[in-house]
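Comments concern the structure below.
Positions are given from 1, in the same order as the sequence printed here.
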Amino acid sequence: MYGLWKPRVLGAWRVPATGPLIFAVNHAHNIDGPMVMGVAPRPTHFLIKKEAFAGPLGRFLTGIGQIEVDRESTDRTAIARALSVLRDGGVLGIFPEGTRGEGDFASLRAGLAYFAVRGGAPIVPVAVLGSSERPGRLIKALPPLRSRVDVVFGDPFEAGDPDGRRTRKALDEATERIQKQLTAHLENARRLTGR
């Protein structure tokens, strides 16, 4: 990432050095995940759509510990692998909106709350800004080479119910709390970076 672009990483000191953790990353461009993997202070295992695991790229992604997920169904294998990452004290990366979009955390899927509650892991909000501002001249699908991309890590927070409930209602309430935290982090990151 540092060879192709100029990442500016802010707040990496907020990331706990050990223990299970979830990075909740906004997703506006296809380099957002690789950018976070390249600059994060801890190795990260992202949930990535199964369509990306074709050919040599699939073998590469599997080799570096990324988790293939079928978004069309309840992928029990992906869920088990993700929970295993957390159980082993690792970092799980999730795009809580489920797909690339505006990157504004406007509509979250319940998966993030499920993993936070079930895995007992705090969430670190991560804002990637500048990756989708303008296309590159050489490769239109990528940001311009040597352009600045900001990655802003927020304060970790617990999403689970204080009473330890794991009901559907508790997950829905957790999703609402998470959305408020992520939206506030994104607004703060935009102010901080001027983007």
Side-chain angles (χ1 to χ4, degrees), residues 9-27 32-50 52 61-62 64-71 74-100 103-128 151-186 188-189:
V9 181
L10 304 170
W13 57 270
R14 292 182 169 113
V15 177
T18 60
L21 194 63
I22 298 173
F23 286 157
V25 184
N26 68 322
H27 196 21
D32 295 341
M35 184 63 69
V36 172
M37 281 186 261
V39 304
R42 290 180 60 185
T44 307
H45 306 272
F46 268 92
L47 286 169
I48 301 174
K49 63 183 178 180
K50 72 176 184 176
L61 291 172
T62 300
I64 62 170
Q66 305 314 302
I67 302 169
E68 178 180 352
V69 64
D70 182 352
R71 297 179 302 169
T74 302
D75 189 336
R76 299 204 183 282
T77 301
I79 292 170
R81 289 190 61 211
L83 289 173
S84 176
V85 165
L86 296 174
R87 207 171 22 260
D88 293 343
V91 179
L92 180 65
I94 296 179
F95 299 113
E97 295 172 291
T99 188
R100 195 169 53 245
D104 57 3
F105 297 123
S107 61
L108 303 189
R109 298 175 102 182
L112 174 57
Y114 173 82
F115 287 115
V117 170
R118 182 83 192 281
I123 297 170
V124 170
V126 183
V128 180
V151 180
V152 184
F153 293 91
D155 289 317
F157 65 93
E158 298 289 337
D161 183 86
D163 298 328
R165 293 179 306 144
R166 291 186 179 183
T167 63
R168 183 67 181 145
K169 184 177 183 210
L171 285 178
D172 290 344
E173 290 169 357
T175 299
E176 285 180 36
R177 285 192 300 276
I178 291 167
Q179 186 166 25
K180 287 178 185 170
Q181 291 270 10
L182 298 182
T183 301
H185 172 68
L186 185 59
N188 185 52

Output the distance between atom CG (Leu61) and atom NE2 (His45), rounded to the nearest 0.5 Å. 13.0 Å
For the residue pair Leu182 and Pro125, what are the closest heavy atoms and their distance? CD2-CB, 3.4 Å
Nearest-0.5 Å distance, CD1 of residue Ile94 to CD1 of residue Ile22: 5.0 Å
So which atom in Ala116 and which in Ile123 form the shortest heavy-atom distance, rounded to 0.1 Å? CB-CD1, 3.8 Å
Looking at Thr175 and Leu171, would you say the former's side chain and the latter's main chain have a donor-acceptor pair under 3.5 Å? yes
Inter-residue atom distance Ile64.CD1 - Phe46.CZ, 0.5 Å rounding: 10.5 Å
With Val128 as partner, the option from Asp32, Leu186, Val39 fulfilling side chain to side chain contact (heavy atoms under 4.5 Å, CB included) is Asp32
Under 3.5 Å, sequence neighbours excluded: what are the donor-acceptor pairs made by side chains of residues 13-20?
unit_1 : atom_1 : unit_2 : atom_2 : d
Arg14  : NE     : Asp155 : OD1    : 2.9
Arg14  : NH1    : Phe153 : O      : 3.1

Check this for me, if you would: do Lys180 and Glu176 make a salt bridge, where the nitrogen-to-carboxylate-oxygen distance has to be below 4.0 angstrom? no
So CG of Leu47 and CG of Leu92: to nearest 0.5 Å the spacing works out to 5.0 Å
For residues Val151 and Val36, report the shortest heavy-atom separation together with the two atoms involved. CG1-CG2, 4.4 Å
Please report the closest heavy-atom contact between Ile67 and Arg81, naming both atoms and the distance. CA-NH1, 3.8 Å
Within this structure, what is the OG1-CD distance for the pair Thr77 and Glu68, rounded to the nearest 0.5 Å? 9.5 Å
Heavy atoms, side chains only, cut-off 4.5 Å: are Gln66 and Met37 in contact? yes
Student check: side-chain heavy atoms of Phe95 and Leu112 closer than 4.5 Å: no
More than 12 non-hydrogen atoms from neighbouring residues, nucleotides or ligands closer than 6.0 Å to CZ on Arg42, yes or no? yes
Any heavy-atom pair between the side chains of His185 and Val152 that's under 4.5 Å? yes
Taking all non-hydrogen atoms of both residues into account, name the closest pair between Pro43 and Val91 and its distance. O-CB, 3.4 Å
Taking all heavy atoms of Phe23 and all of Ala40, pick out the closest pair and write down the distance. CE1-CB, 3.8 Å
